[in-house]
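Shown next, in structure tokens, is the structure this report addresses.
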Number of protein chains: 2
Amino acid sequence: MSQRGGTTLLEHALLGLLYEKPSSGYDLRKIFATTSMGSFSDSPGAIYPALRRLERKGFVQSRAQAGSGRRRQVVSLTDQGTAELRNWIAQPVTQQEIMSELREFMLRFALSESVGGPAVSVELLSGLKQELKAVLSSLRDQQKALKPYLPLSGSLALESGVRGHEGLLEWCEHALAAYESAADR
Amino acid sequence: MSQRGGTTLLEHALLGLLYEKPSSGYDLRKIFATTSMGSFSDSPGAIYPALRRLERKGFVQSRAQAGSGRRRQVVSLTDQGTAELRNWIAQPVTQQEIMSELREFMLRFALSESVGGPAVSVELLSGLKQELKAVLSSLRDQQKALKPYLPLSGSLALESGVRGHEGLLEWCEHALAAYESAADR
DNA sequence: TCGCTCATGTAAATAGTTACATGATTCC
DNA sequence: GGAATCATGTAACTATTTACATGAGCGA
């Protein structure tokens with residue numbers, strides 16, 4: 001189930017949220033449930049096991065909240081967990097990642113600034129830009145080659161893919177510009 | 001594992017390919033491996049079991065290719081399989097489907113014209129358009145609400161989502177126009 | 001004959017899904 | 001006291017992944 005070295009996308013999302021602040025499993029579930037965060041699962045059967053996996057790996061530690069009211073297990077990042085998060089975010093962008101809908105990229109990028117600073121964000125963006133160009137040109141080749149054999153709906157579907165990536169490239173340049181002008185100030 | 005009624009996205013993709021022409025598991029694998037078809041798995045451990053599931057459900061039947069050379073198990077759609085495909089394609093578009101990256105929508109749409117005719121394609125497009133507008137406005141609300149609390153990379157990531165959906169809306173109108181002008185001729 | 005590609009499959013492991021279980025606490 | 005919600009978890013099931021196994025035909 002796509003564990004590139006043993007840590008899931010969901011697990012990285014959890015690490016990212018815990019980086020902001022220590023939380024309980026229930027808190028995390030609610031974040032996924034309400035904010036449509038890249039559409040992760042908010043089911044307890046996904047989150048609680050994932051948290052325990054992270055604990056087993058030494059990336060988080062959980063302790064019962066002292067004293068007050070309800071039973072609550074607060075989970076927080078360890079140094080090792082922070083390191084893992086930092087490392088995962090700074091990974092170079094691959095074409096495969098772009099083809100498989102780039103949920104992973106967007107999560108990494110969204111976290112990059114808080115966790116690694118703007119230089120990491122910019123690095124990711126320029127990596128994306130480069131790989132995107134390659135993907136786009138091969139996508140356009142495929143489109144040209146297949147067009148005559150497809151029904152209108154088929155070639156329109158392909159076109160939506162190409163347009164999507166073109167739009168992404170524009171966004172990428174926009175984002176780079178935003179970082180540049182932020183640096184000027 | 002997201003089986004809305006028992007049939008996977010991969011399984012539907014296989015049905016779609018078999019609708020075009022009967023093929024062996026190996027053929028299908030190669031299609032996934034070479035054409036980056038929405039990025040489905042080309043692993044035998046995914047495809048052969050999926051084909052057997054489809055057979056169990058009565059959607060396909062497989063027979064050894066007669067005579068010649070290499071061993072080859074050719075799989076073809078049954079009437080029941082065609083019905084399932086047709087039915088799945090014509091399902092209304094949901095917001096949830098849009099949020100979860102619309103791989104499913106695009107597959108349905110790509111197949112819609114061959115399997116159901118242009119009217120079905122147009123129906124899907126106008127369904128998408130309508131739901132997209134709803135999704136977009138709630139997305140923009142969320143963006144506005146969260147912006148002040150996020151680092152630049154976070155709000156840029158959100159913006160990429162919004163832009164992506166805006167681009168999709170444009171594509172949607174473009175596609176509708178294409179069908180209109182095709183109907184005129 | 002040696003190696004490559006064709007072609008089909010199995011096995012173990014894992015993550016995620018749905019659904020259920022269980023208590024404690026707050027609100028009325 | 002009763003209902004809703006907080007909060008954590010488990011159990012059964014399924015699809016997919018990686019990796020391996022096997023054998024047949026093809027080209028040099």
Side-chain angles (χ1 to χ4, degrees), chain A residues 1-15 22-34 37-57 59-60 62-75 96 100-101 103-104, chain B residues 1-15 22-34 37-57 59-60 62-75 96 100-101 103-104:
Chain A
M1 203 127 283
S2 135
Q3 67 284 46
R4 65 199 84 272
T7 304
T8 324
L9 187 56
L10 173 61
E11 283 169 31
H12 281 125
L14 291 169
L15 291 180
S23 315
S24 69
Y26 192 78
D27 293 339
L28 297 164
R29 275 185 66 197
K30 275 209 314 201
I31 293 175
F32 289 142
T34 57
M37 261 273 298
S39 70
F40 287 97
S41 165
D42 67 320
S43 81
I47 286 176
Y48 289 108
L51 286 174
R52 248 173 301 130
R53 287 198 299 273
L54 289 172
E55 196 166 13
R56 227 178 39 219
K57 293 174 198 164
F59 294 159
V60 305
S62 68
R63 58 186 187 291
Q65 198 176 45
S68 75
R70 283 177 160 125
R71 172 192 179 206
R72 244 175 89 87
Q73 204 75 4
V74 178
V75 181
Q96 180 180 290
S100 55
E101 305 269 3
R103 268 166 31 106
E104 182 164 339
Chain B
M1 201 127 282
S2 136
Q3 65 285 45
R4 69 199 80 275
T7 304
T8 323
L9 187 55
L10 174 61
E11 284 169 31
H12 281 125
L14 291 170
L15 290 180
S23 315
S24 70
Y26 192 78
D27 293 339
L28 297 164
R29 276 186 65 197
K30 276 209 314 202
I31 293 175
F32 289 141
T34 57
M37 259 274 298
S39 71
F40 286 98
S41 165
D42 67 321
S43 81
I47 285 176
Y48 289 108
L51 286 174
R52 249 172 301 129
R53 286 197 301 274
L54 289 172
E55 195 166 14
R56 227 178 38 218
K57 292 175 198 163
F59 293 159
V60 305
S62 70
R63 56 186 189 291
Q65 198 176 47
S68 75
R70 283 176 162 125
R71 172 191 181 205
R72 244 176 89 86
Q73 202 76 2
V74 177
V75 182
Q96 180 181 291
S100 55
E101 304 270 2
R103 265 164 36 103
E104 182 165 338

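At least one side-chain nitrogen or oxygen of B/Tyr26 sits closer than 4.0 Å to the OP1 or OP2 atom of C/dC6. Remark: B/Ser24 is in phosphate contact with C/dT8, judged by side-chain N or O atoms under 4.0 Å from OP1 or OP2. In this structure, A/Arg29 does not reach the D/dA7 phosphate: none of its side-chain N or O atoms is under 4.0 Å from OP1 or OP2. Contact check, A/Arg53 against C/dG16: a side-chain N or O comes under 4.0 Å of OP1 or OP2.
The distance from atom CG of B/Leu54 to atom P of D/dT16 is 11 Å, rounded to the nearest whole Å. Distance, B/Phe40 CZ to D/dT16 C1': 13 Å, rounded to whole Å. Atom P of nucleotide C/dA15 and atom CD of A/Glu104 are separated by 15 Å, given to the nearest angstrom. Atom CZ in A/Arg71 sits about 12 Å away from atom C1' in C/dA21, given to the nearest Å. Spacing between atom CD1 of B/Ile47 and atom P of D/dT18 amounts to 13 Å, rounded to whole angstrom units. Spacing between atom CD of A/Glu55 and atom P of D/dT8 amounts to 13 Å, rounded to whole angstrom units. To the nearest angstrom, P of D/dA15 lies 12 Å from CZ of B/Arg52. Taking atom CZ on A/Arg72 and atom P on C/dT26, their separation rounds to 13 Å, with Å as the unit.
Comparing A/Pro44 and A/Leu10 by the nucleotide of DNA chain C whose heavy atom lies nearest to each, the residue mapping closer to the 5' end is A/Leu10.
A/Gln73 is not listed as a side-chain neighbour of A/Leu51, based on a closest heavy-atom distance of 4.5 Å or more.
Under the 3.5 Å distance criterion, the side-chain polar atoms of B/Ser41 are matched with a main-chain donor or acceptor of B/Ser43.
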